[in-house]
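What follows is one structure encoded as structure tokens, with my remarks underneath.
Just so we're clear, the structure is a prediction, and the values are computed from it rather than from any experiment. Quick note on labels: first sequence line is chain A, next is B, and so on, each numbered from 1.
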Amino acid sequence: PFQRVENLTNEEIFRFGRQLVTPGFGLESQLKLRTKSFLIVGAGGLGSPAALYLGAGGVGRLGIVDQDTVDINNLHRQVIHTEDRCGVNKAVSAAMTIKAIYPKADVVPYAYTLDRTNALELIRQYDIIIDATDNIATRYLLSDACVLLGKPCVSGSALRNDGQLTIYNYNNGPCFRCLHPVPPPASAVGKCVDNGVLGVGKLKLVPGVIGILQALEAIKVALGSPALNDPSFLIFSAMSNPMFRTMKLRGRKKECAICGDNPTMTELIDYVQFCNGSANDKTVDETIL
Amino acid sequence: PFQRVENLTNEEIFRFGRQLVTPGFGLESQLKLRTKSFLIVGAGGLGSPAALYLGAGGVGRLGIVDQDTVDINNLHRQVIHTEDRCGVNKAVSAAMTIKAIYPKADVVPYAYTLDRTNALELIRQYDIIIDATDNIATRYLLSDACVLLGKPCVSGSALRNDGQLTIYNYNNGPCFRCLHPVPPPASAVGKCVDNGVLGVGKLKLVPGVIGILQALEAIKVALGSPALNDPSFLIFSAMSNPMFRTMKLRGRKKECAICGDNPTMTELIDYVQFCNGSANDKTVDETIL
Amino acid sequence: MSELTINVEFSGGMELLFQNVSKHTLKFPSKNENGNPSTLQDLIFYIRDTMMTEKKDLFVEKDTVRPGILVLINNTDWELCDELEYELEDKDEIVFISTLHGG
Amino acid sequence: MSELTINVEFSGGMELLFQNVSKHTLKFPSKNENGNPSTLQDLIFYIRDTMMTEKKDLFVEKDTVRPGILVLINNTDWELCDELEYELEDKDEIVFISTLHGG
Ligand SMILES: [Zn+2]
Ligand SMILES: [Zn+2]
């Protein structure tokens, strides 16, 4: 189990805060990071930069979950992996890169699929959860598990040239289910909308932008930043000007089935069934550029 | 010299665009990237993610300039480097990481300082310049050189919890000198303003966010994206809500000394002297977190 | 005033249902056919009936937007306004955004 | 109207000159002492004279902001408006931003 420390070592101070002559708020903040554990679910396009920056940044413990193996045609945007690790589990590969940057990093790879049978047990061990997955069923699973365990869930998503970022179940803000009590029709998820559309070249960088912002938001949660006092939802459109739009988001809904005042859900459910098939319908990976 | 290709190889199509069944606009865009060369000046906090994503993404050629060597207490935010490369030149180290992701990447490290004697010769060889440097003298140097050679300059900067991003000398937009005909007083650059202020913990992730957005803007330049038709200036405040603000920027100024209608400057100058000492006054690296 | 200018934007893939055009400026009557102030629901029906020829079910389900679409009224979640009953004002900016699940 | 509400924001380190507070809401007379509409220059002098006690040279130099500061009027570069001569309007949002050079 993760052991919380009382102080930074001199080596950590040197590495993460050497330039700060007076040990003021900066070192306290670094210590807050050091005493927190982060779980990234997904080591693909979103999880790669999130893991790189959190892992290199001196957090207490970083868990990384992914059942997939590194594939040559993911490397262009999953930049934590390398070509000679094709076939290696992505969580393991991500941990290797982090160790090369910071050998003393406490990184734990989990080379399996998170599902209703194992999610609670794993999430319980971490303070801050980062949803870097790629399908709606797992998004419901993670949000529900975070509600049941009282953990904040930093959620990022990306498709084509668009990305979205928000924090669920934090500071009296909404959970995923508050926003989406009912899953969208399977036909609206993933490929169907895309058919036949010749858009501008799809930008591989979109998950990268959202993933690094997920790391930032997770750190702000760890620090208790007042910038997170009001729930908000960041909308990124890589090919628009302006690229970013921030939406003021609803709070927790009293009538929410899981985080509401009288929840009807008290345990995890079958999310594939709940999402009515759109679960397995993973986002079509037709990104190019 | 960089050889422009006519087509992507099958291996490149497999790697960068396998999922695109019909070779439509996507592959054309990938070919545009493949036929363009990018020069990143600086392989530190901004240059690390920019180099990772451009290098892994299949651009034609990527040049990386940096005279510094990898240092253990930069690794937390310069995530393209690894601990066992401490002491190695940063441009060389960045190229090594890119090669591990994509062995066929055409990456050229330049392990020296860019200055008035060598800047034109190097910049002439590249199509798109990325300013990922850390001091104002070099920013004037790069912008001026880009104007003299007719190259766009994707400029990013970061300090404390703030970052800024714009493209100079592109699409009839301004150059750095249009915005700043006169350099700021040395006392306003870097450390003086900071003295004694105990802010919220400084966020190491800020250069990461700006750097990856620089890669994105550079790609949009390569593609000729209409999203860049109007000059704009992105302002990032990691600890504010909203985090991003987009400013509508002035166009090229007719009276600009170098890009104006009657330029008085036709060659590079002594930028250290021009910036009156603020040149050597590199931004104080007191980031923590 | 008898006519409102409403800026409508589609994002997150919604624009693909509208000839891949994100931003639309509409002239919209300030009163609906019942003589009441026009609401967001009136706007949604107008969009469905006049701006779409197919795949209407990817935008509207029953009397509201389909599950998975967030609606912003001047950059604020419509749940913080009056949702369907919100009375449109001149120069309002209404964004329909499909939430994304990819990674 | 005799008084304008002006939202002033300092960014890019400028806020450090103002007790590290970024956002300020000011009540500002709509006419200056000459009886003319208040301008951005009036606002800059007001900020210098009433909101700063030291390091004024890091904000103002001669009759304008010091080199290195960009000014935004409602998210637009002030050079696209009338710079110092811009006549303030109620609810204007004025941002003073120090350009950054670090990396
Ligand atoms: Zn809820
Ligand atoms: Zn110029």
pair [X]-[Y]: side-chain heavy atoms closer than 4.5 Å:
X: A/Q164; Y: C/T99; answer: yes
X: C/P67; Y: A/P183; answer: no
X: C/E79; Y: A/L179; answer: no

Below 4.5 Å from any heavy atom of chain C, which atoms of [X] appear? Answer side chain, backbone, both or neither.
X: A/T133; value: backbone
X: A/S155; value: neither
X: A/Y140; value: neither

Quiz prompt | Which atoms of C/S22 approach chain A - backbone, side chain, both or neither, heavy atom under 4.5 Å | solution =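 No part of C/S22 comes within 4.5 Å of chain A.
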Quiz prompt | Portion of C/E9 that has a non-hydrogen atom of chain A nearer than 4.5 angstrom | solution =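 When you check distances to chain A, only side chain atoms of C/E9 fall under 4.5 Å.
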Quiz item: Could you give the distance from CG (A/D134) to CG (C/L100), rounded to the nearest 0.5 Å?
Solution: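 Answer for the CG-CG pair, A/D134 versus C/L100, is 12.5 Å.
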Self-check item: Interatomic distance, C/S11 atom OG to A/D162 atom CG [nearest 0.5 angstrom]
Solution: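 Going from OG on C/S11 over to CG on A/D162, the span is 5.0 Å.
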Which pair of heavy atoms, one from [X] and one from [Y], lies closest together, and at what distance?
X: A/H180; Y: C/L70; value: CE1-CD2, 4.3 Å
X: A/M247; Y: C/L72; value: SD-CD1, 3.2 Å
X: C/G103; Y: A/P207; value: C-CB, 4.5 Å

Quiz item: Taking A/L249, A/I210, A/T138 one by one, which has the highest count of heavy-atom pairs under 4.5 Å against chain C?
Solution: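 Among the listed options, the one with the most contacts to chain C is A/L249.
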Practice problem: Please determine, among A/D131, A/V206, A/V182, the option with the most heavy-atom pairs under 4.5 Å with chain C. | Solution: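 Most pairs with chain C among the choices: A/V182.
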Quiz item: Should the pair C/E93-A/R245 be classified as a salt bridge under the 4.0 Å nitrogen-to-oxygen rule?
Solution: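 Here C/E93 pairs with A/R245 in a salt bridge, since their nearest N and O are under 4.0 Å apart.
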Quiz prompt | Test side chain to side chain contact (heavy atoms under 4.5 Å, CB included) applied to A/F233 and C/D77, step by step | solution = CA-CA 9 Å; A/F233 189 98; C/D77 188 348; over 6 Å; no
Quiz item: Looking only at atom types and distance, does a side-chain atom of C/R66 sit under 3.5 Å from a main-chain N or O of A/P184, one as donor and one as acceptor?
Solution: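 Not a single qualifying donor-acceptor pair exists.
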Quiz item: Counting distance only, does the side-chain N/O of A/R250 pair as donor-acceptor with the main-chain N or O of C/T76 below 3.5 Å?
Solution: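 Checking the backbone N and O of C/T76 against the side chain of A/R250, no donor-acceptor pair under 3.5 Å is found.
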